Structure formats: C-alpha cells, structure tokens
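Here's the structure, in structure tokens; my notes come after.
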Amino acid sequence: MAMDVESVADELYGLRPSEFTALRERRAAEARTAGDRALADRVKALRRPTAAAWASNLLVRARPDDARSLVALGEALRRAHRDLDGARLRELGRQQHVLVAALAREAQRLTAEAGERIRDSARGQVEATLHAALADPEAAGEWLAGRLSRALDAPVGFAALGDGGGSAARHLSVVRTAPGSGGAEEGDRPEHGGRRSDGAAGAGTKPAHPGARERPEAERPGAAERRREEERRARMRLEEERRTEAAAARREAAAREDEVRHAADALEGAEQRAHEADVRVAELTARLREAQARGEAARLAVQQARLRVREAQRAARGAARRAREAVTRLEGRPAARPGR
C-alpha cells in the first residue's frame with residue numbers, strides 16, 4: 001500500500017503524544033527505504049501534539065457530530081454579530097457557554113479513557129481551541145481535520161460574546177430600539193447622553209416654547225434615515241474593532257507559534273539525545289555483562305588450574321616419598337656373603 005503524508009498524519013495525530021515520535025521516525029525510515037526522501041522529510045517535519053492539541057483531536061475524532069454542532073453554532077453567532085441582533089446573540093452566547101464547557105469535559109474524559117488524563121491547564125487550552133473554532137471558519141476547519149499539533153488561541157473579541165450577552169449589549173447599545181418604535185428608555189443609548197437617535201427631545205423635556213408642537217408624522221423618514229446612518233456607523237466601528245483585535249490576535253498567535261515551535265524542536269532534540277543515550281547505555285550494559293561473564297569464566301579456570309597444581313604437587317610428593325622408601329630399602333638390604 002502506497003504511503004503519503006496525509007495518511008501518515010491521520011495515523012500519527014490519532015495516537016497518544018507518548019507514541020507519536022517513535023511511529024513518526026519509523027514511517028520516515030520506511031519512506032527513505034522506499035526511496036522517497038521528500039516524503040520522509042515531510043513526515044519528519046510533523047510535530048508531536050501537545051496534550052491540549054491531542055485532546056482536541058481526540059474529541060473531534062470521537063465526537064464528530066458534536067464538533068459539527070459547535071461549528072454550526074459559530075456560524076450562527078457570526079451571523080447574529082453581523083446583524084447586531086442583541087437578543088439572538090445573548091441566546092446563542094448562553095448555548096456557546098454550555099456547549100464549550102460540556103465538550104471540554106468530554107475531552108478530558110476521553111483522554112482519561114485513553115490512559116493519559118490531561119491537566120486542568122490543558123483543558124483550558126482545549127476550551128480556547130473550541131472558542132477559536134466558534135469564531136473563525138479557518139480555525140474550525142483546522143480543528144475538524146483532527147491534526148492539531150498545538151492548541152488554537154481563542155480570539156480576543158468574538159469569544160467574549162459567550163459571557164451571557166454583556167459584551168453584546170455594550171456593542172449594540174446604539175441600536176437597542178427597533179426602527180419605528182418612537183424611542184428608547186432612558187439609559188439605552190449612553191453614547192447620545194440619553195437622547196433618542198431621531199433627534200427628538202426625551203419624554204420629560206419641555207418644548208422650546210409653549211406653542212411648539214411635536215413634529216408631524218411626515219417628518220419621521222428623515223429620523224429613520226439618521227437612525228440607519230447611526231446603525232451603519234456603529235456597524236463600521238464594530239468591524240474595525242474586530243479587524244484590529246483579529247490582527248493583534250494573529251500577531252500574538254504567530255509569536256506563540258514560534259515559541260512553541262522552538263520549544264518543540266528543543267524537546268525533540270532532547271528526546272533524540274535521550275534515546276541515543278539509552279541505546280548507548282544498553283550497549284555498554286551488554287558489554288559489561290559479557291566482560292563479567294568472561295571474568296567469571298577466567299576465575300573458574302584459575303580455580304581449576306590451582307586444583308590441578310595441588311593434585312600434581314601431592315602426586316609429586318607421593319612419588320618422591322616412594323622413591324626415598326625404595327632407596328632406603330635398597331640401601332638397608334644386607335650384602336651377599338662370599339661363597340654362598
């Protein structure tokens with residue numbers, strides 16, 4: 001079966017972080033053996049996921065329907081944000097809060113089932129990833145692919161809409177009264193000092209002189225036009241704020257990504273050196289065992305040689321004694337008498 005970087009990435013990012021590096025090295029070696037050095041380099045470049053990234057990948061792989069529900073909620077939130085629909089934003093914000101918390105808990109539970117429970121700090125990074133997927137379609141696509149090597153950064157402005165509607169209310173304060181309603185309650189438009197956006201005086205304000213009357217109904221279209229212009233300007237301000245916040249978030253994310261990349265490179269180098277040290281220790285341990293075995297054999301040979309020497313010495317002493325006895329017997333025999 002032909003190997004490609006997509007299939008290898010799918011395989012690797014479904015593993016626990018502790019299993020990632022060994023299999024990546026094996027797949028890269030297989031690609032080099034097959035003569036595909038470019039593939040080997042691309043596989044080698046795949047970064048081991050952090051604990052939070054692994055938990056996020058595990059969540060989207062194990063709960064794809066819930067993941068798609070979160071992304072759909074993000075689309076609805078962005079649409080309500082563009083339409084400046086405060087009531088809808090508040091309702092969706094409550095849904096966002098409940099769904100993000102539930103999915104973060106599920107991710108933590110799934111990692112515990114897999115044998116590597118993540119810490120609360122990593123769970124916070126999982127929540128940040130979920131907020132990023134809610135706010136940004138591109139981030140949602142990265143998360144749904146299930147191949148994150150690091151957690152995504154939550155957006156600076158958009159994710160704040162999940163606070164129960166408070167942020168939405170601040171952004172939408174100039175358009176809380178529906179067109180044609182005749183005005184707003186006091187305090188609904190702090191930007192205009194308590195005045196209605198159509199320029200009419202508040203309910204408690206006296207006319208300029210006793211004969212002054214409220215403008216006739218025919219003059220209302222001009223007020224509606226001014227109200228639409230105010231809404232347009234408010235929308236432009238919001239869009240500018242979002243662009244500024246997004247640019248700042250991207251810069252911060254890029255800086256953090258560089259930091260994470262450097263840290264990952266350093267960690268990978270340390271792991272490689274540790275692996276090489278383990279291999280060296282194993283080799284030296286094997287050599288030491290061989291040397292100990294040879295030493296034990298040599299000591300046994302020495303002991304056996306000493307036994308043989310002692311046996312030879314005893315045999316030599318016995319032979320010498322028997323020789324002396326033979327000489328003694330020979331010397332002690334009486335000489336033969338002449339003539340007999």
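The figures here come from the full heavy-atom set of this structure, side chains too, leaving out hydrogens, waters and symmetry mates. Everything quoted here is computed from the prediction, not taken from an experiment.
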Considering all heavy atoms of both residues, which atom of R78 and which atom of A133 are nearest to each other, and what is their separation?
-> NH1-O, 4.4 Å
Exercise: identify the closest heavy-atom pair between S149 and R47 | CB-O, 3.7 Å
Roughly how far, to the nearest 0.5 Å, is the CZ atom of R79 from the CZ atom of R88?
-> 7.5 Å
May I ask you to test the L288-Q292 pair for a side-chain heavy-atom distance under 4.5 Å?
-> yes
So, do V43 and R32 sit near enough that their side-chain heavy atoms are less than 4.5 Å apart?
-> no
Is there any ring pair (Phe, Tyr, Trp, His ring centres under 6.0 Å) pair reaching into residues 19-38, and which pairs are they, with sequence neighbours excluded?
-> Y13-F20
Taking only residues two or more places apart in sequence or in another chain, which ones pass side-chain hydrogen bond (donor to acceptor under 3.5 Å, both in side chains) with S69?
-> none
Atom pair CZ (R68) and CG (L70), whose distance is rounded to the nearest 0.5 Å = 12.0 Å
Distance (rounded to the nearest 0.5 Å) between R61 CZ and S56 OG = 12.0 Å
Set of residues satisfying side-chain contact (heavy atoms from CB on, under 4.5 Å) with respect to L23, sequence neighbours excluded = E11, L12, L15, R26, R27
What residues, two or more places apart in sequence or in another chain, satisfy side-chain contact (heavy atoms from CB on, under 4.5 Å) together with E138?
-> D136, E142
Which heavy atom in M3 sits nearest to a heavy atom in A31, and how many Å separate them?
-> CE-N, 4.3 Å
L148 to L152 - nearest heavy-atom pair and separation = CD2-CD2, 4.1 Å
Residues two or more places apart in sequence or in another chain: which of them pass salt bridge (Lys or Arg N to Asp or Glu O under 4.0 Å) with E6?
-> R147
Under the salt bridge (Lys or Arg N to Asp or Glu O under 4.0 Å) rule, collect the residues that match up with D41, sequence neighbours excluded.
-> none
Only pairs at least two apart or in different chains count here, so list each side chain to side chain donor-acceptor pair (under 3.5 Å) that has a residue in residues 302-314.
-> none
Is any side-chain heavy atom of V126 closer than 4.5 Å to a side-chain heavy atom of I118?
-> yes
With sequence neighbours excluded, what pairs up with E19 under the salt bridge (Lys or Arg N to Asp or Glu O under 4.0 Å) test?
-> R16
With sequence neighbours left out, the residues meeting side-chain contact (heavy atoms from CB on, under 4.5 Å) with L73 are L77, L92, Q95, Q96, L99, L134
Of all heavy-atom pairs linking A139 and A132, the shortest is CB-O, 3.5 Å
Mind listing the closest non-hydrogen atom pair of A55 and A107 along with its distance?
-> O-CB, 4.1 Å
Please test R322 against E325 for salt bridge (charged side-chain N to carboxylate O under 4.0 Å, His left out), starting from the C-alpha separation and ending with a verdict.
-> CA-CA 5 Å; R322 288 191 296 273; E325 292 173 351; over 6 Å; no
For D4, what residues pass the side-chain hydrogen bond (donor to acceptor under 3.5 Å, both in side chains) criterion, not counting sequence neighbours?
-> S7
Where do L300 and E296 land on the side-chain contact (heavy atoms from CB on, under 4.5 Å) test, with the steps shown first?
-> CA-CA 6 Å; L300 181 61; E296 186 65 25; 5.7 Å; no
Hits for side-chain hydrogen bond (donor to acceptor under 3.5 Å, both in side chains) against E75, two or more places apart or cross-chain, chain-then-number order -> none
Which pairs pass side chain to side chain donor-acceptor pair (under 3.5 Å) with one or both residues in residues 100-115, sequence neighbours excluded?
-> R63-E106, E106-R109, Q108-D120, Q108-R123, R109-E113
